[in-house]
Amino acid sequence: MKNILVTGGLGFIGSETVIALLEKGYQPIIVDDLYNAKLAVLDRIETITHVRPKFYEVDVTDQAKTEKIFQENQIDAVIHFAGYKAVGESVYKPIEYYRNNLDSALVIVDLMRKYGVKNLIFSSSATVYGVPERVPLVETDPVSEATNPYGETKVMIERILKDVYKADPTLNIALLRYFNPIGAHPSGLLGEDPNGIPNNLLPYVSQVAIGKLKCLKVFGNDYPTPDGTGVRDFIHVVDLAEGHVATLKKLEQNPGLVIYNLGTGKGTTVLELVHAFEEANHVKIPYVIAPRREGDVAVNYANCDKAYRELGWKARFTIADACRDAYHFQKMNPNGIQ
Ligand code: UDP
């Protein structure tokens, strides 16, 4: 396997994965419509790796334009990151979310069939587990109804891909369920670059740290957790990226359809993360306790034994590493990637 089509390859996780692929000698081909990413990310990938990957500015819901990419390149595998991902927004824009996320997945599998591409990695999410009955979550735990349209698109695409696999068992499909990706590339050149006020915890904390936002709101301190705040499995984005490379290696063994949790296996509370950030970066993060955020679960973390057993992969960075890298990125890019 050599040529890897990376949809959404200029995004937060996609760009980091492109770097991991280049480091391991793969040839990533990036397709991104720049809806939620900047072209400057391509320059930064080049600065870091000294390689400028092939790039197509294409929306993968556009089958005709995406087909041209399959015609022009001998693609060995697709890593499909592209998609809308804002939980809150998905609640008031369900049609856009279903159309965009489902269409792009369908275009990709349809073209894979047409061009005989056998290997696919899909960006799924811990959200497919819904409200966990128990933690840590294992891959065999039930996939339940999601609490928002974004999550529902992940549940639906997983189901679609299982059916696609049933119809063609010569395919290799990996469903990777991400927990909470945080951190940034250690160079400070790449990281999470949300539009407007961040929804996710660490980008919000980072913007408070540089004084761009005044005060963090901690959503709820009355959960049944050690300090009352929510527990999540925060994983460094570089670890997550490396998980994709390990998965590609697995796909070379023709495993069929496989599912892996990608997390650290450790739960961290919101306040523990805030304090880790303060300690790692010698800054103070003012916060207030606010009401619970609708749709949040109390505790969510992964059992990642399967990924270690079958992929030989596990997270190697600490929460402190991620906090340091996120702050470094934020300081170097106070107004995002330009
Ligand atoms: N959170 C918070 N304040 C914020 C953003 C997030 O207290 O400004 C909490 C949120 O309630 C959850 C955790 O941080 O318990 C992680 O939230 P995030 O949105 O980053 O990821 P999610 O787990 O929802 O995918």
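Just follow the structure's listing: the first ligand is 1, and inside any ligand the first atom is 1.
N303 and Y308 are not linked by any side-chain donor-acceptor pair at a separation below 3.5 angstrom, with hydrogens and angles left out of the test.
Considering N180, T268, T264 in turn, T264 is the only one that fulfils the side chain to side chain donor-acceptor pair (under 3.5 Å) rule with D233.
Contact check for L22 versus P53: side-chain heavy atoms found under the 4.5 Å cut-off. When side chains are defined from C-beta on, N119 does not count as touching I173, because their heavy atoms never get closer than 4.5 Å. Residues I182 and I235 form no side-chain contact, since every pair of their non-hydrogen atoms from C-beta on lies 4.5 Å or further apart.
Between L202 and ligand 1, no N or O atom pair is found at a separation short of 3.5 Å. The distance criterion of under 3.5 Å between nitrogen or oxygen atoms is met by F219 with respect to ligand 1. When only interatomic distances are considered, the shortest N/O to N/O separation between N200 and ligand 1 falls below 3.5 Å.
In the vicinity of V270, heavy-atom distances shorter than 4.0 Å reach the ligand 1 atoms 7 (O), 9 (C), 13 (C), 14 (O), 15 (O). Proximity to V218 (heavy-atom distance under 4.0 Å) selects the following atoms of ligand 1: 7 (O). Annotation for ligand 1: atoms under 4.0 Å from non-hydrogen atoms of N199 are 5 (C), 19 (O).
Between K217, R232, R293, K85, it is K217 that holds the heavy atom closest to atom 8 (O) of ligand 1.
Judged by a 6.0 Å distance limit and a 45° cone about the ring axis, R232 is not positioned over the six-membered ring of F179.
The protein atom (non-hydrogen) at minimum distance from atom 6 (C) of ligand 1 is L201 CB, 3.8 Å. Regarding atom 11 (O) of ligand 1, its nearest protein heavy-atom neighbour is D296 OD2, 2.5 Å.
Under 4.0 Å is where a charged nitrogen must lie from a carboxylate oxygen, and between D321 and R316 no such pair does.
Only the side chain of N180 comes within 4.0 Å of ligand 1, judged by heavy-atom distances.
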